[in-house]
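Step one of this worksheet: look at the structure below.
Heavy atoms only: backbone and side chains are in, while hydrogens, waters and symmetry mates are out. If you're wondering where the values come from, they're calculated on a predicted model, not measured in any experiment.
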Amino acid sequence: MTKTEGRLLFALAAVLIQLMLAGTGVAEVVDRIVAEVNNDIVTLSELQNMAKTVEAQAGVKPKGADAKKMQREMLEALIDRKLAKAEAKRRGIVVSDKEIDAAVAQFKQRNNVPDDETFAKGLAQAGLSVKEFRAQIAEQMTQERLLVMVVGAKVSVSDAEVRRLYDQQFKKSGTQVHIVTLRMPFPPGATEAQKEELKQKAETILNAVKRGESLAGAAAQFSLKPSDVGFVSQSDLDPRLAEYLDKLKPKEVAPILTQEGIQLMQVVARRSGEARSFEAAAPEIRRILQQQGMEKYFSEWIKTLREKAHIKIML
């Protein structure tokens with residue numbers, strides 16, 4: 001498995017583990033066809049499963065016009081997926097059972113899943129079987145290999161592009177932020193009631209901090225203790241997390257929904273640090289730009305498949 005495949009696999013795994021922890025029940029629905037894609041179909045259940053995954057990742061459930069818009073966007077994504085899957089089959093791209101076994105084993109290890117029984121139970125809570133989970137992993141790996149095959153060496157990144165992104169983002173990333181975190185994990189196999197109880201505890205702690213109490217003092221009433229991470233370079237954080245923390249004022253605490261539960265994060269202070277040199281940051285920047293270029297090229301290529309395909313939407 002390539003490094004890129006690994007990143008995409010664990011991006012999928014992150015979404016799926018959130019879905020597992022969400023404990024979403026599966027409503028009984030009468031399945032029907034919502035789109036025809038050449039000789040294949042998209043079913044309502046496929047669309048609903050994708051919606052559950054996206055909602056679990058985002059932590060919100062859109063309503064009204066937003067829900068309809070998201071449903072249509074997901075349907076278009078599923079159509080693209082069907083086209084890509086058919087093209088991968090035509091090109092002879094195959095993911096072996098051995099590779100899937102290795103990917104599942106990595107997933108379990110990364111998410112501290114102790115045994116097969118716990119793994120199957122967690123998936124079942126999300127309305128997924130082990131077989132369906134393995135199929136999603138296989139599909140993700142297949143699409144990544146198709147991307148590499150289609151794009152190949154067509155995407156190149158110039159030194160000027162690397163320098164431009166460095167000057168825009170990385171050169172200014174010498175800021176260091178002092179972070180204190182409070183982890184509030186969901187209990188294994190948590191029910192909705194247990195999750196709601198944990199959310200209420202988090203809300204109580206947040207309100208206490210807003211009234212002027214320390215995070216440690218507010219957490220102590222629930223026998224919880226924050227961890228002082230110390231100063232961390234913002235460039236070492238996930239860009240989305242760095243942007244989120246950048247909006248917080250010193251001493252302010254904000255909740256983050258994680259795969260394991262709720263995490264309260266407090267920005268204690270900020271200071272200027274030494275930004276990474278261009279030479280040190282260049283390899284990472286080049287990888288970022290190359291991945292972006294590949295995804296853009298692949299998206300344009302999918303459009304050419306759409307132009308040749310028979311697509312009928314019945315939603």
Side-chain angles (χ1 to χ4, degrees), residues 1-15 17-18 57-58 103 106-107 109-111 140-141 143-181 183 227-260 263-301:
M1 184 166 60
T2 67
K3 290 182 179 179
T4 306
E5 284 176 339
R7 287 196 298 271
L8 288 179
L9 170 62
F10 287 122
L12 170 68
V15 174
I17 197 69
Q18 283 177 321
Q57 184 181 27
Q106 289 180 45
F107 174 84
Q109 182 179 13
R110 186 181 179 90
N111 293 283
Q140 186 76 15
M141 294 172 69
Q143 289 204 40
E144 168 58 21
R145 292 179 186 182
L146 177 62
L147 184 149
V148 173
M149 184 178 289
V150 169
V151 179
K154 295 183 177 69
V155 176
S156 60
V157 178
S158 68
D159 292 341
E161 290 175 301
V162 176
R163 171 62 72 172
R164 189 179 304 115
L165 184 58
Y166 174 78
D167 289 340
Q168 290 175 348
Q169 296 184 22
F170 287 77
K171 191 175 183 178
K172 302 175 184 178
S173 63
T175 301
Q176 295 179 333
V177 57
H178 184 179
I179 301 172
V180 173
T181 66
R183 292 184 65 253
S227 297
D228 193 331
V229 180
F231 278 97
V232 179
S233 174
Q234 285 198 181
S235 62
D236 291 334
L237 299 173
D238 179 278
R240 289 169 297 181
L241 177 59
E243 183 180 0
Y244 183 68
L245 295 179
D246 197 44
K247 298 175 182 178
L248 298 183
K249 300 176 182 178
K251 306 298 183 181
E252 189 175 358
V253 179
I256 296 177
L257 180 64
T258 70
Q259 299 171 3
E260 296 83 14
Q263 184 165 288
L264 303 184
M265 301 195 76
Q266 182 179 49
V267 173
V268 179
R270 291 185 177 87
R271 70 184 184 189
S272 297
E274 185 177 349
R276 279 190 289 173
S277 67
F278 174 75
E279 291 73 18
E284 179 185 347
I285 296 172
R286 190 174 296 277
R287 284 194 297 271
I288 291 172
L289 290 173
Q290 189 166 24
Q291 183 66 25
Q292 290 175 348
M294 290 176 70
E295 291 171 356
K296 182 179 179 181
Y297 188 98
F298 190 76
S299 177
E300 293 298 320
W301 175 78

Discussion item. For the backbone of Q106 and the side chain of Q109, can you confirm whether one donor and one acceptor N or O come within less than 3.5 Å of each other?
Written reply: no

Worksheet, complete the sentence: A269 and F231 have their tightest heavy-atom pair at O-CE2, 3.9 Å

Worksheet item: Out of curiosity, L146 CG to F298 CZ, how far, rounded to the nearest 0.5 Å?
Response: 4.5 Å

Worksheet item: Does the pair R271 and V177 meet the rule for a side-chain contact (heavy atoms from CB on, under 4.5 Å), with working shown?
Response: CA-CA 7 Å; R271 70 184 184 189; V177 57; over 6 Å; no

Practice prompt. Tell me yes or no: between the side chains of E144 and Q140, is some donor less than 3.5 Å from an acceptor?
Written response: no

Discussion item. Tell me every residue that passes side chain to side chain contact (heavy atoms under 4.5 Å, CB included) with T181, counting only those two or more places apart in sequence or in another chain.
Written reply: I179, S227, V229, Q263, M265

Fill in: CG-CE distance between L147 and M149, expressed to the nearest 0.5 angstrom
11.0 Å

Worksheet item: With a 4.5 Å heavy-atom cut-off, do R287 and V157 have their side chains touching?
Response: no

Worksheet item: Under 3.5 Å, side chain of Q266 to main-chain N/O of K251, donor-acceptor pair present?
Response: yes

Worksheet item: What distance do I256 atom CD1 and R183 atom CZ have between them, rounded to the nearest 0.5 Å?
Response: 12.5 Å

Worksheet item: Applying side chain to side chain donor-acceptor pair (under 3.5 Å), which residue pairs with at least one partner in residues 147-164 are found, sequence neighbours left out?
Response: S158-E161, D159-R286

Practice prompt. Could you pull out the closest heavy-atom pair between A254 and L248, with the gap in Å?
Written response: CB-CD2, 3.7 Å

Practice prompt. Return the set of residues passing ring-ring contact (aromatic ring centres under 6.0 Å, His included) with F278 (not counting sequence neighbours), or none when no residue passes.
Written response: Y166

Worksheet item: Looking at residues at least two apart in the chain, or sitting in another chain, which of them share a side-chain hydrogen bond (donor to acceptor under 3.5 Å, both in side chains) with E300?
Response: K303

Worksheet, complete the sentence: Value for CD (Q176) from CZ (R270), rounded to nearest 0.5 Å, stands at 12.5 Å

Worksheet entry | Pairing residues for D228 by the side-chain hydrogen bond (donor to acceptor under 3.5 Å, both in side chains) criterion, not counting sequence neighbours | H178

Fill in: side chain to side chain contact (heavy atoms under 4.5 Å, CB included) against K296, all qualifying residues, sequence neighbours excluded
none

